[in-house]
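Everything on this sheet refers to the single structure shown next.
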Amino acid sequence: MKDYRADARFQGIEPFAKKVWLSSPTMHGDEQRWVDEAIQTNWVSTVGANINEVERIVCGKVGRKYAVGLSAGTAALHLAVKLCAERLYGQPKVGHGALEGRKVFCSDMTFDATVNPVAYEGGEAVFVDTERDTWNMDPAALEKAFELYPEVKLIVLAHLYGVPGKMDALRDIARRHGALIVEDAAESFGATYKGIQTGMFGDASVLSFNGNKIVTGSSGGILLTDSEEDANKARKWSTQSREDAPWYQHEELGYNYRMSNIIAGVVRGQLPYLEEHIAQKRAIYERYREGLRDLPVQMNPFDAGNSVPNYWLSCMLIDSDAMCETVRGEKDALYIHEAGKSCPTEILGALTAFNAEGRPIWKPMHMQPIYRMHPFVTVSGSGRARSNAYIQENGAVDVGADLFHRGLCLPSDNKMTAKQQEIVIEIIHRCFE
Ligand SMILES: *Cc1c(COP(=O)(O)O)cnc(C)c1O
């Protein structure tokens, strides 16, 4: 690895004594109280006041009728996908997935936990390209996807980095085609679109309390729905699908997905701080926007007229003509420095050298080896991506690959001080020297 600290461009910058994180948990003290209470009262399993309170408070914050506390956002996504799949296609035989032989339209630019449940249920994810205004599923590409695969009835979409997608357009298309939506709001808890909380837009929606999210239980997730029947089904599935009988009686497949009352204690202690965390993340985003204004870069965009993000991660995109020469393999990357230019690999390397954590933009799903042979639909054409090039062989523009090529997530920890952030901003400037 290149020795950034020996590079004359970085002279005078001292490494951070304590690591500046991308996004780490921030405890406030109330968490301890609810965990202690669970232990003292012996309610330490998957039943108890903390779970009930978390479900009640989340319903209130989001505006949804029912919330089901689960072990992880991934578990919630699995049950959300399964609920929608069974509503569409019926209950599968044991040993078969609920989506066998079915295609599902999925966000392409997201974390793989969004789309894996489609595969858990035997379905085939068809990836839908990203738009540049919010970095979420492109309504025009979704429309195109329905032209190519009119039989599809399920859409799984995420709000990336806490920025809501174009929900009016996406929901309108879904409605016209009679399709259901699973909404992955794992990164966007507290963000709103036209005044409505994310988590309200899916037939089933999902939140995550993973350690790096805006509020955390160390782990944990929530399934949101307005259907009492679905909420009860998810709760039953998550506790091994036990029937109401004196013995263990099973009529359908079960999972061990329920939230623990200890974890729920941590979440319960965190929930009152959601707004405070959002305000801190917003200040971080705005300081970057100001501090990077003179560079050939843009911050991750959002639709200021219609949406209020939760600013979970601040990201930047380097202008095309300010990108130095760079190539990425499957697991490594190379670049050649040029004055006045830079690239994500150089900036992330420099941040690491000074003990700060950034990350490349989530690598699009259609570029992942596991999903490379799946269909991928762009606005101007469709086909399998064959390289990291964002202009495909058929001339179609692959927006996801372009954003991945030029974008990176900046240190966005809510405990980062303004002074530390100034140094991060200075390091980024030096990369362009
Ligand atoms: C974190 C995350 C998940 C998974 O949540 P877990 O609680 O870690 O299982 C799903 N989707 C997105 C977009 C995420 O960022």
Side-chain angles (χ1 to χ4, degrees), residues 21-25 51 54 58 67-82 104-120 125 127-128 130 134-137 155-165 167 170 181-191 198-199 201-202 204-224 234 238 255-260 263-264 266-267 270-271 274 277 281 300 309-315 359-365 368 370-371 400 403-404 407 409 412-413:
W21 298 98
L22 182 73
S23 182
S24 72
I51 301 175
V54 164
V58 168
V68 181
L70 297 167
S71 57
T74 307
L77 280 158
H78 185 188
L79 297 190
V81 164
K82 195 170 148 110
V104 176
F105 295 146
C106 294
S107 283
D108 179 56
M109 180 78 104
T110 185
F111 186 55
D112 72 339
T114 308
V115 306
N116 285 344
V118 171
Y120 299 166
F127 298 110
V128 178
T130 307
T134 76
W135 296 6
N136 287 303
M137 186 184 280
I155 302 164
V156 180
L157 56 82
H159 305 285
L160 197 73
Y161 303 135
V163 173
M167 288 318 301
L170 292 167
I181 294 177
V182 168
E183 179 192 19
D184 180 354
E187 299 178 0
S188 65
F189 187 23
T198 60
F201 295 98
S205 301
V206 165
L207 304 177
S208 164
F209 301 119
N210 178 303
N212 67 6
K213 299 302 197 285
I214 195 141
V215 289
T216 180
S218 75
S219 63
I222 289 274
L223 177 107
L224 295 161
S238 75
Y255 304 86
N256 182 4
Y257 278 177
R258 190 71 164 131
M259 182 180 274
S260 128
I263 296 294
V266 184
V267 178
Q270 284 269 289
L271 287 173
L274 174 64
H277 289 188
K281 297 271 190 182
N300 53 323
N310 71 2
Y311 303 92
W312 175 56
L313 290 189
S314 289
C315 306
R359 194 161 291 170
I361 297 295
W362 295 184
K363 185 174 180 175
M365 289 301 115
Q368 300 285 356
I370 182 176
Y371 289 125
L403 297 177
F404 177 61
C409 308
S412 304
D413 196 60

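Counting starts at 1 for both ligands and their atoms, in listed order.
There is a side-chain donor-acceptor pair under 3.5 Å between H159 and E183. Residues Y161 and N310 bring no donor and acceptor atom of their side chains to less than 3.5 Å of each other. A donor-acceptor contact under 3.5 angstrom links the side chains of T114 and D184, judged on distance only. For the 3.5 Å distance criterion, the side chains of K281 and S23 qualify, holding a donor opposite an acceptor.
Under the side-chain contact (heavy atoms from CB on, under 4.5 Å) criterion, S208 pairs with A186, N210, K213, sequence neighbours left out.
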Using the rule given for side-chain hydrogen bond (donor to acceptor under 3.5 Å, both in side chains), can you reason through Y311 versus N300, listing the C-alpha separation, both sets of side-chain angles and the distance that settles it, and then say yes or no? CA-CA 10 Å; Y311 303 92; N300 53 323; over 6 Å; no
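Sorted by chain then number, the residues whose non-hydrogen atoms approach ligand 1 to under 4.0 Å are A72, G73, T74, L77, T110, F111, A113, T114, D184, A186, E187, S208, N210, K213, G220.
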